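For reference, the structure discussed in these notes is given below.
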There are 2 protein chains.
Amino acid sequence: MPKRVDHRERRALIADALMRVAAEQGLEAVSLRHVAAAAQVSAGMVQHYFRTRDEMMVFALAVVSERNETRIRRAVEALGATPPPRALLRAMLTELLPLDEERRADGRVALAFLAYTAVRPAVAAALHADTAALRAFVADQIARSPLATAGRVDPEPAAVGLLAVLEGLGIHVLGGHYSPETALVALDAQLDLIFGREPPAETVSRAGSGRPRPAPR
Amino acid sequence: MPKRVDHRERRALIADALMRVAAEQGLEAVSLRHVAAAAQVSAGMVQHYFRTRDEMMVFALAVVSERNETRIRRAVEALGATPPPRALLRAMLTELLPLDEERRADGRVALAFLAYTAVRPAVAAALHADTAALRAFVADQIARSPLATAGRVDPEPAAVGLLAVLEGLGIHVLGGHYSPETALVALDAQLDLIFGREPPAETVSRAGSGRPRPAPR
DNA sequence: ATTTTTGCAATACAGTTGCAAGGTAAAGGG
DNA sequence: CCCTTTACCTTGCAACTGTATTGCAAAAAT
């Protein structure tokens, strides 16, 4: 075989450039030539690795979810062997919030893809399976909550709600409506609902009480 | 003056066509000519009422939020004079979920604009003020919850969480991940958290306890 | 050494885009 | 009557889009 090149590496390089363009100017601005320019390669090369624009888009979408997955895995592994479910979920979900500029960029891309797939149901399958797996895992963890084993919390709807807050908070933070701190407070409040108040070292000790009041923004 | 025409009416007509295009094919497909075709007018006329594409976009965005506003107002007015805050909020927020095809279409447009403004901060101001007002109102209503007057729920973060679930549920329903029923159950669960279990005819009576267990999906 | 495969570049092309410019027709004011 | 204003249409244009085609150099296979 002639001049061999790592195909995946090149495609990843290009997808990376795509996401930079998408994060800065939106998916509308993602064209072969823009992406090529951002990746500092020729437009022909982009075309060599992705025969159509849609193929490039689908690949980038896969990269996004894969990136989130590794982000989650890293955060979870940093927690040690058998972390309590609430801490596990908090670590996972916190990782998905756009709290720093890197994750803000990723979040913008994800949001753009959300709108993109909303109109292209064929492409949405990947995202669908993705969030379904996440929800199943979350429900699994919630099932280990004392409130769940006591039958006072149904894991499935609770997981739905938890992931919904996450998504909603992410979007609002991206839009600049909420500060990251506000989002974290809301996330913890939601976890309180599912797991009960975590730190038992409080006098009043009830969800929603005594937590710090951040500026609303 | 010569041939007088209701300017606002024409602009509304065009914006309506824009939203039809956006709902079906995404904001990327919103071009002068596409919108003109959808509105069954000449491209020149569109240009006559909107000098630039961005001007058209901004107007359409305003129409979206105005439409939501009237939707909310109608739902609230249908509730009579002084409804209990929980019922008021439920009616309001339910109106914002994409539960029928009409609201699904609006939701797709709103989602598209969300991604659009995420990259064009200058345009985002309208949305920003919009949700800020909504959050303030929601927080106001939550403040009337017994849990809030008892100091066990902080209205501001609670409002943040509530609107976040709403947004997240809407997106997931749009993406086909959750059924409308699932979304409604999750919304009610969130209201339970804030207002306590509604029917007080329960022994245990704790937020999040004993609520009905709906089929997941 | 020649053939074939592969990586990549350059170009061509048809279609679409936003926008500007110029046109016509009608309606009201002078 | 004319003249100005308004509504609207048509055309044109430069910039951009995705994609197909062609070309070419290098490297492995033969």
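What you see is a predicted model, and the numbers here were worked out from it, not measured in a lab. Just so we're on the same page: letters track the sequence lines, and every chain starts at 1.
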Roughly, in whole Å, what's the span from [atom1] in [X] to [atom2] in [N]?
{"X": "B:M45", "N": "D:dT10", "atom1": "CE", "atom2": "P", "result": "13 Å"}
{"X": "B:L27", "N": "C:dT17", "atom1": "CG", "atom2": "P", "result": "14 Å"}
{"X": "B:E28", "N": "C:dG18", "atom1": "CD", "atom2": "P", "result": "12 Å"}
{"X": "B:E55", "N": "C:dG18", "atom1": "CD", "atom2": "P", "result": "14 Å"}
{"X": "B:M56", "N": "C:dC19", "atom1": "CE", "atom2": "C1'", "result": "12 Å"}
{"X": "B:H7", "N": "D:dT5", "atom1": "NE2", "atom2": "P", "result": "16 Å"}

Open item on the list: Classify A:F50 by what it touches in the nucleic acid, base, sugar-phosphate, or nothing, heavy-atom distance under 4.0 Å.
Closed with: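 Counting heavy atoms under 4.0 Å across all strands, no contact is made by A:F50.
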Which pairs would a plain distance check flag for residues 106-113 of chain B, meaning a side-chain donor or acceptor within less than 3.5 Å of a matching protein atom at least two apart in sequence or in another chain?
{"residue": "B:D106", "atom": "OD1", "partner": "B:R67", "partner atom": "NH1", "Å": "3.1"}
{"residue": "B:D106", "atom": "OD2", "partner": "B:R67", "partner atom": "NH1", "Å": "3.3"}
{"residue": "B:D106", "atom": "OD2", "partner": "B:R71", "partner atom": "NH2", "Å": "2.4"}
{"residue": "B:R108", "atom": "NE", "partner": "B:A23", "partner atom": "O", "Å": "2.8"}
{"residue": "B:R108", "atom": "NH2", "partner": "B:E101", "partner atom": "OE2", "Å": "3.4"}

Under 3.5 Å, side-chain donor or acceptor atoms of residues 24-34 of chain A against the rest of the protein: list the pairs with distances, not counting sequence neighbours.
{"residue": "A:S31", "atom": "OG", "partner": "A:H34", "partner atom": "N", "Å": "3.2"}
{"residue": "A:H34", "atom": "ND1", "partner": "A:A29", "partner atom": "O", "Å": "2.8"}

TODO: If a pair satisfies side chain to side chain donor-acceptor pair (under 3.5 Å) and one of its residues is in residues 117-126 of chain B, list it, with sequence neighbours excluded.
DONE: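 Not a single pair qualifies under side chain to side chain donor-acceptor pair (under 3.5 Å).
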- [ ] Output every pair passing side chain to side chain donor-acceptor pair (under 3.5 Å) with a member in residues 48-57 of chain A, not counting sequence neighbours, ordered by first then second residue.
- [x]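 Of all non-adjacent pairs touching residues 48-57 of chain A, those that pass side chain to side chain donor-acceptor pair (under 3.5 Å) are A:D54-A:Y116.
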Open item on the list: D:dA7, OP1 or OP2 - any side-chain N/O from B:H48 closer than 4.0 Å?
Closed with: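 Result: yes.
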Task: Spacing of CG belonging to A:L89 relative to CD belonging to A:Q141, to within rounding of 0.5 Å - done: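 Answer for the CG-CD pair, A:L89 versus A:Q141, is 5.5 Å.
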Task: Test: B:E95 and B:R74 ion pair at under 4.0 Å - done: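 Result for this pair is no, no salt bridge flagged.
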- [ ] Strictly below 4.0 Å, heavy-atom distances to any atom of DNA chain C: list the hits from residues 14-21 of chain B, or just say none.
- [x]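 Residues of residues 14-21 of chain B under 4.0 Å from DNA chain C: none.
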- [ ] With sequence neighbours left out, write down each residue that passes salt bridge (charged side-chain N to carboxylate O under 4.0 Å, His left out) with B:D100, or none if nothing qualifies.
- [x]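 Listed in chain order: B:R103.
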Task: With sequence neighbours excluded, residues passing salt bridge (charged side-chain N to carboxylate O under 4.0 Å, His left out) with A:R10 - done: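 A:R10: no salt bridge (charged side-chain N to carboxylate O under 4.0 Å, His left out) contacts found.
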- [ ] Heavy atoms under 4.0 Å is the rule here; annotate nucleotides 17-24 of chain D 5' to 3' with B where the base is hit, S where only the sugar-phosphate is, and - elsewhere.
- [x] BBBB----
Open item on the list: Test of understanding: with side chain to side chain donor-acceptor pair (under 3.5 Å), list the residues that count as partners of A:R104, not counting sequence neighbours.
Closed with: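 With neighbours one apart ignored, the set is empty.
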